[in-house]
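A short write-up of the structure that comes next.
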There are 2 protein chains.
Amino acid sequence: MSKQRPVLTGTEATGCCSPLAEQPIAAADAADLAAAFKALGDPTRLQLVSLIASHAGGEVCVCDLTPRFAVSGPTISHHLKVLRQAGLIDCERRGTWVYYWAVPAMLTRLAGLLQVPQPAAVR
Amino acid sequence: MSKQRPVLTGTEATGCCSPLAEQPIAAADAADLAAAFKALGDPTRLQLVSLIASHAGGEVCVCDLTPRFAVSGPTISHHLKVLRQAGLIDCERRGTWVYYWAVPAMLTRLAGLLQVPQPAAVR
DNA sequence: TCGCTGGATAGATGAACGTCTAAGCAGAGC
DNA sequence: GCTCTGCTTAGACGTTCATCTATCCAGCGA
């Protein structure tokens with residue numbers, strides 16, 4: 001759990017990596033990036049990220065997340081841990097409750113990677 | 001294997017889905033989209049997509065792909081099948097060789113999903 | 001201090017995954 | 001028709017994953 005919650009601007013790390021379709025990914029980067037995509041490769045986790053990122057105020061209490069899914073509390077906790085380890089979300093404990101928020105830099109990085117270059121740019 | 005190879009413009013399906021951070025993903029969409037992310041969640045497959053999408057001419061022969069990886073031919077074939085079933089790539093046989101190309105609509109759809117809305121757009 | 005609540009961790013279990021070797025199939029050329 | 005090459009499919013095997021129940025830990029209030 002880091003302390004500083006970033007504002008959801010999406011301008012921090014727009015262009016760390018070139019788009020997938022512009023030049024091949026280096027093997028070293030592939031492992032790192034694939035881990036992030038793998039974290040998103042589960043319906044429950046994808047919905048979790050979406051709920052967290054789209055929530056008003058930019059952060060959500062776990063207690064608001066758990067009842068929205070059919071799986072058990074520990075399972076949600078496990079999925080949140082996977083997403084956190086992938087760098088997609090972060091959290092902080094405040095008293096009894098734990099709050100999660102999205103890390104826009106990581107989302108933007110992945111989005112930029114999948115962006116297909118415009119025709120004018122490639123030829 | 002479908003017959004028509006689309007040009008890599010990336011303008012076809014810019015906005016099928018709202019960004020993740022704009023509104024929660026519907027459970028029905030989540031399964032579909034998570035499958036695509038899961039397909040990208042393997043280093044070998046991520047590099048395959050990258051090599052295919054960034055290749056000059058927009059398509060690659062399998063024979064050019066296989067020697068660039070440490071895994072066996074059947075394994076590459078398996079990964080290509082997974083990517084094809086996820087709708088990320090498509091292929092066509094031409095005589096002895098099989099050619100693969102990226103499906104820009106799917107890449108753009110995923111990119112749009114991960115796009116973090118600009119601050120001016122949300123408030 | 002004691003009990004309650006919110007959430008994380010530990011361990012178990014069945015399913016899915018990544019990889020391999022062996023075999024099959026489709027074209028091309030002799 | 002036969003054989004060679006390129007690629008896919010089939011089946012096996014060990015690992016990883018998603019989920020559960022049981023347990024633990026942290027903070028709060030009486």
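Everything numeric in this text was worked out from a predicted model, so none of it was measured. So that the names make sense, note that chain A is the first sequence line, chain B the second, and so on, each numbered from 1.
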Q. Is A:D32 paired with A:R109 through a side-chain N to carboxylate O contact shorter than 4.0 Å?
A. yes
Q) What is the distance from CD of B:E92 to P of C:dA26, rounded to the nearest Å? A) 17 Å
Q: Kindly point out which of C:dT19, C:dG7, D:dT21 is positioned nearest to the side chain of B:T44?
A: C:dT19
Q.
Quick check for you: among C:dT19, C:dA22, C:dG7, whose closest atom lies nearest to any side-chain atom of A:V98?
A. C:dG7
Q: Respond yes when some side-chain nitrogen or oxygen of B:T75 is under 4.0 Å from OP1 or OP2 of C:dC20, and no when none is.
A: yes
Q | Lys NZ or Arg CZ of B:R94 over B:Y99 ring: under 6.0 Å, within 45° | A | yes
Q.
On DNA chain D, does the nearest nucleotide to B:L80 precede the nearest nucleotide to A:S72 from the 5' side, or the other way round? Give the residue.
A. B:L80
(Q) Measure CD1/B:I76 against C1'/D:dT9 and give the value in whole Å, please. (A) 16 Å
Q) For C:dA8, does either OP1 or OP2 sit under 4.0 Å from a side-chain N or O belonging to A:S77? A) yes
Q: Using the closest heavy atom to pick a nucleotide of DNA chain C for each, name whichever of A:W97 or B:H79 lands nearer the 5' end.
A: A:W97
(Q) Please report the distance, rounded to the nearest Å, between CG in B:L40 and P in C:dC17. (A) 15 Å
Q | Residues A:L51, A:F69; criterion side-chain contact (heavy atoms from CB on, under 4.5 Å); working and verdict | A | CA-CA 11 Å; A:L51 280 172; A:F69 294 89; 3.7 Å; yes
Q: With heavy atoms under 4.0 Å as the rule, sort A:G73 into base, sugar-phosphate or nothing.
A: nothing
Q: Whole angstrom is fine here: how far is it from OH in B:Y99 over to P in C:dA26?
A: 20 Å
Q: Provide, to the nearest angstrom, the distance between the CZ atom belonging to A:F69 and the P atom belonging to D:dA18.
A: 14 Å
Q | Nucleotide of C:dT19, D:dA10, D:dC7 approaching B:P74 most closely (side-chain heavy atoms) | A | D:dA10
Q: Please check the phosphate of C:dA8 (OP1 and OP2 only) for any side-chain N or O of A:Y100 closer than 4.0 Å.
A: yes
(Q) Under 4.0 Å from OP1 or OP2 of D:dC17: is there any side-chain N or O of B:K38 that close? (A) no
Q. Could you walk me through whether A:H79 and A:R84 pass the side-chain contact (heavy atoms from CB on, under 4.5 Å) check?
A. CA-CA 9 Å; A:H79 283 314; A:R84 193 151 47 83; over 6 Å; no
Q: Ignoring backbone atoms, establish whether A:R45 has a side-chain N or O less than 4.0 Å from OP1 or OP2 of D:dA18.
A: yes
Q) Can you tell which of C:dG6, D:dC7, C:dG7 lies closest to the side chain of A:T96? A) C:dG6
Q.
Is the shortest side-chain heavy-atom distance between B:L33 and A:L40 below 4.5 Å?
A. no
Q: Give one of base, sugar-phosphate or nothing for B:H78, where a contact means two heavy atoms less than 4.0 Å apart.
A: base
Q. Within this structure, what is the CG-to-P distance between B:D42 and C:dA16, rounded to whole angstrom?
A. 18 Å
Q) Between A:Q85 (CD) and C:dT9 (P), how many Å, whole number? A) 9 Å
Q.
What I'd like to find out is whether the side chain of A:L107 reaches to under 4.5 Å of the side chain of A:V103, using heavy atoms alone.
A. no
Q) For B:K81 and D:dA10, what is the distance between atoms NZ and P respectively, to the nearest whole Å? A) 7 Å
